[in-house]
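The block underneath contains the structure these notes are about, expressed in structure tokens.
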Amino acid sequence: MSFGKGCHLHLIDGSAFIFRAFHALPPLTRKSDGLPIGAVAGFCNMIFKMVEDNKGPDAPTHVAVVFDKGSHTFRNDMYDQYKANRDEMPEELRPQMPLTREATRAFNIACVEKEGFEADDIIATLSVQAREAGGRVTIISSDKDLMQLVGGGVEMFDAMKNKRIDSDGVREKFGVGPERVVDVQALAGDSVDNVPGAPGIGIKTAALLINEYGDLESLLDRAEEIKQPKRRQTLIDHRAQIELSKRLVQLDDAMLLDFTLADLEVKEPEAEALLTFLNEMEFRTLTKRVADNLGVEAPAIADTNPAGANPNEAADAPVNLPFVPEDYECVRDADALKTWIAKAHACGWVAVDTETTSLNEMRAELVGISLSVEPGQACYIPLGHKDGVDDLFGSAAHADGQMPMDDALALLKPLLEDPAVIKIGQNMKYDAKIFARNGVSVAPIDDTMLMSYALNAGLHGHGMDTLSERYLEHTPIPIKSLLGTGKSAITFDRVPVDDAVKYAAEDADITLRLWKLFKPQLHQKRVTTVYETLERPLVPVLAKMEMTGIKVDRDTLSRMSNAFAQKMAGLEAEIHELAGQSFNVGSPKQLGEILFDKMELPGGKKGKTGAYATGADVLEDLASEGHNLPARVLDWRQLSKLKSTYTDALQDHINPDTGRVHTSYIQSGANTGRLASTDPNLQNIPVRSEEGRRIREAFVADEGKVILSLDYSQIELRILAHVAGIESLKQAFREGQDIHALTASEMFDVPLDQMTPDIRRQAKAINFGVIYGISGFGLARNLRIPRKEAQGFIDRYFERFPGIKEYMDDTVAFAKEHGYVQTLFGRKINTPEIGAKGPQAGFAKRAAINAPIQGTAADVIRRAMIRMPEAIEGLPAKMLLQVHDELLFEVDADGVDKTIDAVREIMENASMPAVKLDVPLTVDAGQGANWAEAH
DNA sequence: CCTGTCACG
DNA sequence: GACGTACGTGACAGGG
């Protein structure tokens, strides 16, 4: 049937359907193979509903589902920033895209897309064709970009709100008729699509202007006439940008299409084709409903994996199944291994755990691998176990009954790298690094430790033992029972294979059970996005940084150690002299007795253990009263710290194979979302004292390279200004002012040009105090001023910045109501102590105030790090370290400038597009032969 | 193994 | 009115 008068065309915005279905539904997977299928399921349900709902007298005669195709369109040629702030398509959604096309065809509905065009353009073209042919059109979408098409028989239908949108509806939304919608959009811009528009002008103002001047062109030509000076200047200054915006929002309604409206005629679905498709997708309910509707028998769902369990069906998650170590299998040959690999392929997931000779990931040797695909069933593949007693050289014979490691890895590699099979681990970064060192790059992954962290940060730890006891009510076999402790501890390769099977397979079993438990909880607790955008993608980034390591010059450290030792010996002699006796300067107990019992100095206070307090603050007070001994002890302590923790200890961390130091980041260590660094901790290398800072000279660039450091300037204060909505602070950051000086000026009524360093210093302390949940006591101690005075400062601060007080009170109230606080990116930090009575209450409050600020800053740099590999791809640069607000790189000397540009771009825009901050984030860069020069 | 101390953001 | 307080970490040494 050709299309003409009396015909009614339905155009369905397919891409919008898909995204809505994807985000509205939990991450369903196909039971037989684990293929993610949630968006397809939602899409099919929506299509089916559309078909059912439109069978009345107003039924469409023609229908098409229209999709976007390709990420690059003609609009990107006009403006390279178009839609540039869109996030990557989620990993789980990608494989579902072609299936939605198949689904459309299965419903016997025309499926329309064209490379280089957006669905909106096709919808525009078809709408115009239909209107010219004298027919009616209903566009099923709520996308405001399509509102320009309404009128002359074209209407929209918002399937979410079940609401038709006609010209009046458009006028309601845009304040102008459909024919002027593009003019309003051109002025207002669109942050979702990154259309710039005119800065400072939103829909309201835009409509006002267009209504006054008739259309955009007249408005721009007569811009001089606008009364408001700011508005006038904006329009004059940004004319080109506004005109570009109009071209971006204007839909192409004259595309060349290789089909006609007649081809879109409504057809009855063919029962067999449709049911076959739905059956293949394993949509039980929908298959049945469609079959009923078509009046045919529903085909039986082919269950290719009757034993497999869908993690999304709670009843199928047998977390309470008993643990039976005897059921675990020891895999000793290729055939047995192939059976397990086939099982993993069949269900689409596999829990993996590695056993090694050491906890040092860069030195650990692989000893065995365990796998599990189903609760209660797991295997262990021994590969590097030794047998018998050591010979003279401390080595023993390779144990029998193990398949060659290379053979096992060759068989496992395709599975571990298969994009269709999710590899599940508890702290997968560890296993991924072990595999990487054996030539296998494990992907895609899930990590139960990180799931627990996203779900329950602040409630408990996230180690396997904790999680198993808490959620599975099962205490895993302690590793100590196999390895022993202390000097007599053995390495895992010396554990008898039979014992290893029970221990190692159990770990994989536990991991799988936890995964089945946590996966649906991520959605229920609304932390899927946190897990998928801030946790999971960071794993390979950290793994790579850790494996790269940073070059540390042993001679520099060694020379410093010697110098420190000499100075310490001198100080020690002096201290003993002053004390009139010899004692252990490093013992707080002995020192306390010398100071307060023997010398009878004032201020001796005993703590809960009965020992005198001898902290730096105590010693400083004594020193300021002219006592020499405590002053010398302070000097000695500083050197002792530098020597033992840094110049001595760091040397032991230099990897003999790489000559570099490889820290390990703990992703779930800090409740706020910050990383922690261990073995060694490279996030607390000295910088505040001149003597300490020199330790950074030992962190060097390789020959021909440069160390590059980029750090966020005042990121936490900027975030505070944003979340508390303090206009004066936001303005100051926008204008690049000295924020501490400004605070001081506001508080103490001192003009900026008369600011003294001391007043500024006090304001700075207050600014930091605010971030920490300020208290009079804390500020007093920090500034060494009377407590009353400190409280006076705070009162005045809150007077001048009432928004800050409001933010703090609101945050505490939120924590009390919900039991958690949140970062701007949705990370939840639980605050179980917030309702406590007594001294903990104060702690909990301040922690609750601090967590969203510290946590948001942590999220920002995480986002930057996740985007970094792509941003510096092709540049001769490697990311080495993260220190909370700083990233360290090692770059070829001739690539420095380009790297700074690329990294700064990513860091400064890291919050986008998820969060648009009201303040700019700025990044300072430094470079040099070593970390001291670069910082 | 716990406590005190001190290094960082 | 007294009490005890800045937020988040990790490493080391001493001492039981």
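Proteins get letters first, then strands, A, B, ... in listed order; numbering begins at 1 in each.
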For this session: Select base, sugar-phosphate, or nothing to describe what Q638(A) touches, counting heavy atoms under 4.0 Å on all strands.
Result: sugar-phosphate
Exercise. Is it true that a side-chain atom of T811(A) and a backbone atom of Y807(A) form a donor plus acceptor pair closer than 3.5 Å?
Worked result: yes
Exercise. How far does the P atom of dT5(C) sit from the matching atom of dG4(B), given to the nearest Å?
Worked result: 12 Å
Exercise. When all nucleic acid strands are considered with a 4.0 Å heavy-atom cut-off, which category describes Q590(A): base, sugar-phosphate, or nothing?
Worked result: sugar-phosphate
For this session: Output yes when at least one side-chain N/O atom of R674(A) is less than 4.0 Å from OP1 or OP2 of dG9(B), else no.
Result: no
Problem set entry | E691(A)/K567(A) ion pair, N-O < 4.0 Å | yes
For this session: Would you tell me if any nitrogen or oxygen in the side chain of N584(A) comes within less than 4.0 Å of OP1 or OP2 on dG14(C)?
Result: yes
For this session: Select one nucleotide: of dT5(C), dC12(C), dG9(B), the one nearest the side-chain heavy atoms of Y772(A).
Result: dG9(B)
Exercise. Out of dC8(B), dG10(C), dC12(C), which nucleotide sits closest to the side chain of A649(A)?
Worked result: dC12(C)
For this session: Identify whether any heavy atom of L675(A) sits under 4.0 Å from a base atom; if not, whether one sits that close to sugar-phosphate; answer base, sugar-phosphate or nothing.
Result: nothing
Problem set entry | C1' spacing across the pair dC3(C) / dC6(B), given as an integer number of angstrom | 26 Å
Exercise. Base, sugar-phosphate, or nothing: which does F777(A) touch, judged by heavy atoms less than 4.0 Å apart?
Worked result: base
Exercise. So which nucleotide from dC8(B), dC7(C), dT5(C) ends up closest to the side chain of R787(A)?
Worked result: dT5(C)
Exercise. Does R637(A) put a side-chain nitrogen or oxygen below 4.0 Å from OP1 or OP2 of dA7(B)?
Worked result: no
Exercise. What is the nucleic acid contact for S644(A), judged by heavy atoms within less than 4.0 Å: base, sugar-phosphate only, or nothing?
Worked result: sugar-phosphate
Seminar exercise, completed: Using Watson-Crick geometry (N1-N3 plus N6-O4 or O6-N4) or G-U wobble (N1-O2, O6-N3), each under 3.5 Å, dC3(C) is paired with none
Problem set entry | Short side-chain N/O contact from R846(A) to OP1 or OP2 of dT5(C), under 4.0 Å | no
